[in-house]
Number of protein chains: 2
Amino acid sequence: MQARAATLTDVAKEAGVSLATASRALNGSDRVVRAELHARVIEAANRLGYTPNAQAQSMARGSTDLVGLMVNDIADPYFSTIAAGLAAAAEQQGLLVMLCSTGGQPEQELELLAALRRQRGRAIVLAGSRIDDREHLRELSDQMEPFIAAGGRVAAISEPKLSVDTVVVDNKSAARDLAVRIGELGYRRPAILTGPEKLLVSRNRRDGFVEGWSGEEPIVVADEFSRDGGFNAMQRLADSGAEVDCVFAINDLMAMGAMAACRDRGLDVPGDLAVAGFDDISTLRDVTPALTTVRLPLTEMGRMALEMVLGEPAAKPRRRKVRGEIIVRESTPPR
Amino acid sequence: MQARAATLTDVAKEAGVSLATASRALNGSDRVVRAELHARVIEAANRLGYTPNAQAQSMARGSTDLVGLMVNDIADPYFSTIAAGLAAAAEQQGLLVMLCSTGGQPEQELELLAALRRQRGRAIVLAGSRIDDREHLRELSDQMEPFIAAGGRVAAISEPKLSVDTVVVDNKSAARDLAVRIGELGYRRPAILTGPEKLLVSRNRRDGFVEGWSGEEPIVVADEFSRDGGFNAMQRLADSGAEVDCVFAINDLMAMGAMAACRDRGLDVPGDLAVAGFDDISTLRDVTPALTTVRLPLTEMGRMALEMVLGEPAAKPRRRKVRGEIIVRESTPPR
DNA sequence: CTGAAAGCGCTAACAT
DNA sequence: ATGTTAGCGCTTTCAG
């Protein structure tokens with residue numbers, strides 16, 4: 001058992017050719033190697049179980065086959081779906097994806113961005129809501145700037161808070177449309193279950209809904225941006241005794257939590273209370289009552305982000321808007 | 001704008017010290033650098049926006065900070081949860097995760113394994129059911145063998161078909177237990193909705209259930225290992241006119257599909273038909289009726305795999321068994 | 001068409 | 001404590 005992997009030099013020696021020839025035969029772009037030698041090299045490589053060392057190749061070539069992907073939480077279906085889209089696209093291009101899950105913690109995000117930078121990936125995609133924290137945004141930019149100056153590319157899938165190419169979800173207008181639709185369905189007193197104030201998604205989806213709502217100002221209850229957050233928020237809402245006929249949860253996970261809370265209290269959805277979510281998580285498309293929500297082309301968004309970040313660099317950061325599609329289902333029947 | 005990233009040499013020059021000193025100050029393990037110089041180097045590095053080139057470091061050091069993770073489909077909550085566990089563990093150790101999503105295609109799996117090998121990661125974790133295809137298993141082994149011989153580590157999360165350390169889910173016995181439990185609840189004629197025959201999970205979960213079942217042999221309907229597969233299988237089962245009082249879907253996604261199919265046909269779950277799944281996907285814990293299933297510690301499994309693959313290499317491949325916990329919920333009430 | 005040799009950015013002996 | 005220098009494995013001129 002050899003304690004180290006076979007190198008090109010080993011292969012060259014084994015095949016009785018020069019390093020250069022071996023390189024050309026195995027990984028070279030131009031096929032300027034005589035067929036016979038070529039075969040000999042290939043054979044030697046197989047015999048030795050040789051695999052090129054990508055690190056060394058990157059160094060020599062000055063470019064890698066890596067792209068970084070940073071998400072808040074890969075276990076969240078929102079992000080895993082985006083990741084799937086991006087991974088599929090990357091694989092088509094022969095690129096490898098380095099995955100970082102930040103847990104939504106700003107320090108983590110910075111640290112992982114640094115790790116990604118170190119790898120000298122071709123590009124980095126930042127998926128996930130921006131936190132509206134001036135200081136943090138500046139630190140992020142400080143990291144990205146030298147990376148970009150050195151030819152690295154960065155794109156985001158989020159609110160357009162960073163000055164990089166970004167796939168922006170038009171949260172606000174989609175939420176606005178949803179509000180209008182809810183109104184048309186005959187609801188009169190909606191409540192909004194939102195996430196932390198500092199998350200831009202939370203704010204935009206909430207604000208959009210409020211904007212689109214023409215009746216009296218909706219009640220707003222904030223909690224975590226998760227299933228449990230939805231559950232708790234719903235409980236507090238119910239405890240408050242507020243009279244509402246409909247609840248808009250800022251995302252599907254919160255909506256699920258809210259529905260669970262309703263069940264616990266014997267509130268019938270949609271009989272006693274209608275519920276709407278946002279994202280249209282595919283795993284949740286079969287829940288009952290079927291959830292009214294805003295469909296986002298998550299897989300597509302991952303693909304788009306990779307496309308942007310790999311395509312021709314633009315002088316100014318580009319924004320590719322993604323529109324949400326309102327999907328009305330049983331959880332908000334006309335009343 | 002410089003077209004290349006700042007190098008250690010640049011930093012050394014800027015700080016007026018030698019390459020070695022700069023290296024020691026910035027990335028060296030021992031702090032043998034005078035405070036004043038140290039500061040000067042750090043400062044120069046900041047000024048230049050320097051970040052070490054991980055590739056170069058790996059080459060020089062002879063080891064990387066990368067681990068590879070291969071999953072069937074990162075959009076599948078089963079895998080994304082495992083990935084989350086593994087990613088969290090990796091991050092604690094300062095390791096970066098390279099993610100590959102194979103789409104369950106054997107050729108893809110081979111190709112991505114090669115890509116991972118090339119990166120010279122410290123370790124590779126293969127998550128996902130093994131396909132019982134002799135040829136394919138051999139090709140996988142052929143790839144892994146030189147990687148392992150050269151000091152690489154490999155672990156799997158699956159059926160113990162590969163001779164590497166593996167976190168094995170005791171699918172068979174868990175399914176067996178589930179069958180017993182279903183029987184105790186008073187069901188008499190179960191059907192099994194299973195996945196493709198060549199997937200080991202499918203077979204084991206099915207076989208386990210059959211083994212545990214003491215009444216007459218359950219009907220088995222096979223389809224894809226997905227929500228749609230469950231939907232289709234359920235339809236075919238219903239079409240067949242078979243009289244069953246309970247359906248065991250080989251995983252939660254299929255169970256959801258089956259429940260959707262029931263709904264389409266006006267079959268009440270669990271009134272007309274009870275349904276059980278497998279995995280206990282967290283996103284689905286709030287569905288109604290709440291799904292009876294087998295809980296797997298998915299996050300933990302990801303962590304365990306990384307632990308094994310990073311720990312002391314064993315002479316023989318180790319197996320760390322993970323037991324599933326039967327969770328009876330409303331979808332299979334006593335009858 | 002093939003080989004020799006100069007790097008790529010960094011670490012780690014080995015000197016001083 | 002700091003500097004010099006020889007690689008790490010590969011690609012890519014530059015010669016032949």
Side-chain angles (χ1 to χ4, degrees), chain A residues 2-41 44-45 48-65 117-121 146-147 150-152, chain B residues 2-41 44-45 48-66 117-121 146 150-152:
Chain A
Q2 54 181 2
R4 67 179 187 73
T7 71
L8 230 208
T9 309
D10 297 334
V11 174
K13 211 163 291 171
E14 174 88 5
V17 300
S18 76
L19 221 204
T21 300
S23 171
R24 291 192 267 250
L26 254 18
N27 317 313
S29 39
D30 35 10
R31 42 179 61 283
V32 280
V33 178
R34 214 187 338 148
E36 185 220 315
L37 279 194
H38 187 94
R40 230 159 71 201
V41 173
L48 265 37
Y50 170 76
T51 288
N53 180 324
Q55 321 249 353
Q57 289 185 311
S58 306
M59 285 212 53
R61 293 208 257 250
S63 81
T64 63
D65 292 341
R117 266 188 75 192
R118 256 173 275 156
Q119 294 299 325
R120 296 290 190 271
F147 178 75
Chain B
Q2 54 182 4
R4 65 178 189 73
T7 70
L8 229 208
T9 309
D10 297 336
V11 175
K13 209 164 290 171
E14 174 88 7
V17 301
S18 75
L19 222 205
T21 300
S23 171
R24 290 192 269 250
L26 254 16
N27 318 312
S29 41
D30 35 8
R31 42 177 63 283
V32 281
V33 178
R34 213 186 340 147
E36 184 219 318
L37 279 195
H38 187 95
R40 230 160 71 198
V41 173
L48 265 37
Y50 169 77
T51 288
N53 180 324
Q55 320 250 353
Q57 287 185 313
S58 306
M59 287 216 52
R61 292 207 257 251
S63 82
T64 64
D65 290 342
L66 266 26
R117 265 189 77 193
R118 254 172 288 176
Q119 294 299 326
R120 295 290 190 273

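Just so we're on the same page: letters track the sequence lines, and every chain starts at 1.
Residues B/Ala54 and A/Ser18 both approach DNA chain C. Their nearest nucleotides, taken by heavy-atom distance, put A/Ser18 toward the 5′ side. Toward the 5' end of DNA chain D, the nearer of the two residues A/Gln57 and B/Ala60, judged by each one's closest nucleotide, is B/Ala60. Nearest-nucleotide positions on DNA chain D place B/Ala35 closer to the 5' end than the other of B/Arg61 and B/Ala35.
Here the P atom of nucleotide C/dA6 and the CG atom of A/Leu19 are 14 Å apart, to the nearest Å. Remark: C1' of C/dA12 and CG of B/Leu8 are 13 Å apart, rounded to the nearest angstrom. Distance B/Arg118 CZ to D/dT11 P: 12 Å, rounded to the nearest Å. Taking atom CG of A/Leu26 as the reference point, atom C1' of C/dT2 lies 16 Å away to the nearest angstrom. Here C/dG7 presents its C1' atom at 13 Å from CZ of B/Arg4, a figure rounded to the nearest Å. Here D/dA1 presents its P atom at 11 Å from CG of B/Leu37, a figure rounded to the nearest Å. Between B/Met59 atom CE and D/dA6 atom P there is a gap of 17 Å when expressed in whole angstrom units. Atom P of nucleotide D/dT2 and atom NZ of B/Lys13 are separated by 20 Å, given to the nearest angstrom.
When distances run from any side-chain atom of B/Arg34 to the nucleotides D/dT4, D/dT2, D/dG9, the shortest one goes to D/dT2. Listed candidates were D/dT4, D/dT11, C/dT2. Nearest to the side chain of A/Thr21 is C/dT2. Of the candidates C/dA4, C/dC10, D/dC10, the closest approach to any side-chain atom of A/Ala56 belongs to D/dC10.
B/Ser63 is linked by a side-chain contact (heavy atoms from CB on, under 4.5 Å) to B/Arg122, counting only residues two or more places apart in sequence or in another chain.
In this model, the phosphate group of C/dC10 is not approached by any side-chain N or O of B/Ser23 to a distance below 4.0 Å at OP1 or OP2. The phosphate of C/dC8 has neither OP1 nor OP2 within less than 4.0 Å of any side-chain N or O from B/Asn53.
Side-chain to base pairing of A/Arg24 with C/dG3: one donor and one acceptor N or O lie within less than 3.5 Å of each other.
At distances below 3.5 Å, at least one donor-acceptor pair connects side-chain atoms of A/Arg40 with backbone N or O atoms of A/Ala15. Of the possible donor and acceptor atoms, one in the side chain of B/Thr64 sits under 3.5 Å from a partner among the backbone N and O of B/Arg120. A distance-only check finds a donor-acceptor pair linking the side chain of A/Ser58 to the backbone of A/Ala54 [under 3.5 Å].
Side chains of A/Arg117 and B/Thr51: a donor-acceptor N/O pair is present below 3.5 angstrom, by distance only.
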